[in-house]
Amino acid sequence: MALNLNSKYSQNFFTNEELSALKPEIEAAHISLKERNGLGNDFLGWINLPFDYDKDEFERIKKAAEKIKNDTDVFIVIGIGGSYLGARAAIEFLKGSYYNSTCKDTPQVYFSGNSISGSELSDLLKICEGKRVSVNVISKSGTTTEPAVAFRVFRKYLEERYGEEEAAKRIYCTTDKARGTLKAVADQKGYETFVIPDDVGGRFSVLTAVGLLPIAVAGGDIDALMKGAADAARDYDIPDMDNNPCYQYAALRNVFYRKGKSVEILVSYQPRFTMMAEWFKQLYGESEGKENKGIFPASVTFSTDLHSMGQYIQDGTRLMFETVVNIKDNGDDIVIEEAEDNGDGLNFLAGKSMSFVNEKAFEGTILAHVDGGAPNLVITIDKADEANLGRLIYFFEKACAISGYVLKVNPFDQPGVEAYKKNMFALLGKPGYEELREELVKRISK
Ligand code: PA5
């Protein structure tokens, strides 16, 4: 079993007729994607990416990753949104959330340029002290403020430390093939450059150099990752949703949404999945949340968040459904031992593994939440390896596109992101924003 979708914990929340009624919409969405005539059809490059990628560049990525493994202790990945979340999510999924403390033959990987926090950036510079450093700056537009600021700082740092020539050999640039200031700087300075294809949007770009270089540097097997995605691309190309769990998931989300469940909580019981949920939230939030529509994507890691958000999910406003990603085999495990004094009263768990206890937490929670009125879907994968990761990435991307088309929005644009940027630029005094600045300053100082 590669990936299984189980809707048995939702049976009391929808009828088969309600689900079947969505079939024509799902099939229409499938055809729009196939014939490339739906909304945002300039950005469908991710569909065939698992087969149809630049093989020469793929080899260059592997070669660069080998060089970085040999000459680098700390690898800084600069990017935000789709130019950061996928790589970080993949590395934590594959290597665990303590990767930077447990890695042995591969560099530590830190992510920067995903906030405007000066203290974070200066902490990261301290981490670099005495370590061999390389940088991968990632920006499709090549103009995004957060990564551009971080890159300016790191470029100066590397040039002062290594001199311009050696610094240029330690900077890897992932950007548009021709446009943007980043591309211009890369060409001028002679950095090794990787391309984000024109027809692949940021949040759908993890299987391009955006994700592949950092993943390979951290020791991930990117061949197996692409193979997992390619298998998924074949499996989830079936128009009939009864035989396509990806389309069933897209349909069920819309059934719940139409019945007032406007929040989807992605749940996992493994901390290694927490960043995957962040990636998921960007994918679905930016793709669906527009025109006053869309399911709000949220996430929790259990059992951690059962001690915080669990109360709300059990008893709060009844507006959510949960999608649990259940990973069966999580590698190393700990067996709870018998204690002679049984002072903590835990001897009833003696001989049981932590994964067994976790499984009971999962089963107990799902029944409680269903009883509390939250429908649950369960996606099960066998283990946290590259093949399953590739499959999961493709599953969520395809379901997102189908679900967005069912919702009748363009899943591939993000016009709403510009609103804050305009205001920020005006307030920062960027040339060209003078009039807006005056208006905003008046509003703020009222
Ligand atoms: O999904 C998207 O398109 C966005 O989240 C972008 O990835 C993000 O804004 C970063 O953009 P860029 O890669 O152009 O710096």
Side-chain angles (χ1 to χ4, degrees), residues 39-47 49 76-90 111-116 121 135-155 171-186 191 193-215 275-290 294 297 299 393-394 396-401 403-404 409-425 430:
L39 292 167
N41 55 30
D42 284 349
F43 289 95
L44 299 181
W46 57 273
I47 296 180
L49 201 55
I76 307 289
V77 181
I78 298 175
I80 195 165
S83 290
Y84 134 77
L85 282 161
R88 181 159 173 202
F111 292 87
S112 185
N114 53 67
S115 75
I116 319 179
L121 193 51
V135 167
N136 180 198
V137 55
I138 307 174
S139 176
K140 180 166 179 177
S141 62
T143 56
T144 308
T145 310
E146 292 89 336
V149 168
F151 183 51
R152 182 181 271 219
V153 171
F154 270 105
R155 206 177 103 192
I171 295 174
Y172 301 83
C173 190
T174 308
T175 189
D176 186 85
K177 67 176 184 311
R179 277 171 308 199
T181 46
L182 186 55
K183 173 68 181 155
V185 173
Y191 305 148
T193 312
F194 301 99
V195 172
I196 311 174
D198 284 345
D199 57 356
V200 180
R203 57 191 174 274
F204 288 83
S205 70
V206 55
L207 297 177
T208 70
V210 169
L212 296 177
L213 179 60
I215 294 168
M275 284 308 298
M276 278 297 287
E278 294 300 314
W279 170 81
F280 163 90
K281 285 193 287 193
Q282 189 217 357
L283 181 63
Y284 281 76
E286 266 191 354
S287 299
E288 291 192 323
K290 47 199 71 159
S299 69
I393 287 170
Y394 198 89
F396 280 124
E397 287 181 349
K398 187 90 188 270
C400 181
S403 185
V409 297
N410 177 353
F412 308 112
D413 66 0
Q414 53 284 326
V417 177
E418 294 312 310
Y420 98 89
K421 281 189 196 166
K422 258 192 351 210
N423 288 354
M424 180 178 79
F425 290 148
K430 189 171 177 174

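Both counts, for ligands and for their atoms, begin at 1 and track the order of listing. Atom set for the values below is all heavy atoms of this structure, side chains included, hydrogens, waters and symmetry mates excluded. As the structure is a computational prediction, the values presented were derived from the model and not from experiment.
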Inset, instruction - Taking only heavy atoms of the protein into account, state which residues are under 4.0 angstrom from an atom of ligand 1, in chain and number order. - result: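 Ligand 1 pocket, heavy atoms under 4.0 Å: I80, G81, G82, S83, S139, K140, S141, T144, G202, R203, Q282, E286, Q414.
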Legend entry - Whether W46 and F412 hold their rings parallel, tilted or perpendicular, with breakpoints at 30° and 60°: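 It falls in the tilted class, 30° to 60°.
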Inset, instruction - Can you label the angle between the F194 ring and the Y172 ring as parallel, tilted or perpendicular, going by 30° and 60°? - result: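 Correct class here is parallel.
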Legend entry - Neighbour count >12 (heavy atoms, 6.0 Å) for atom NZ, K422: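 No - once you tally the heavy atoms of other residues, nucleotides and ligands closer than 6.0 Å, there are 12 at most.
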Legend entry - Among E397, Q414, Q282, the one residue meeting side chain to side chain donor-acceptor pair (under 3.5 Å) with R203: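 Single side chain to side chain donor-acceptor pair (under 3.5 Å) partner of R203 among E397, Q414, Q282: Q414.
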Inset, instruction - For D199, check salt bridge (charged side-chain N to carboxylate O under 4.0 Å, His left out) against everything at least two apart and list the hits. - result: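 Partners of D199 by the salt bridge (charged side-chain N to carboxylate O under 4.0 Å, His left out) criterion come out as none, since no residue qualifies.
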Inset, instruction - For residues E278 and R88, determine if any side-chain heavy atom of one lies less than 4.5 Å from a side-chain heavy atom of the other. - result: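 No, their side chains stay 4.5 Å or more apart.
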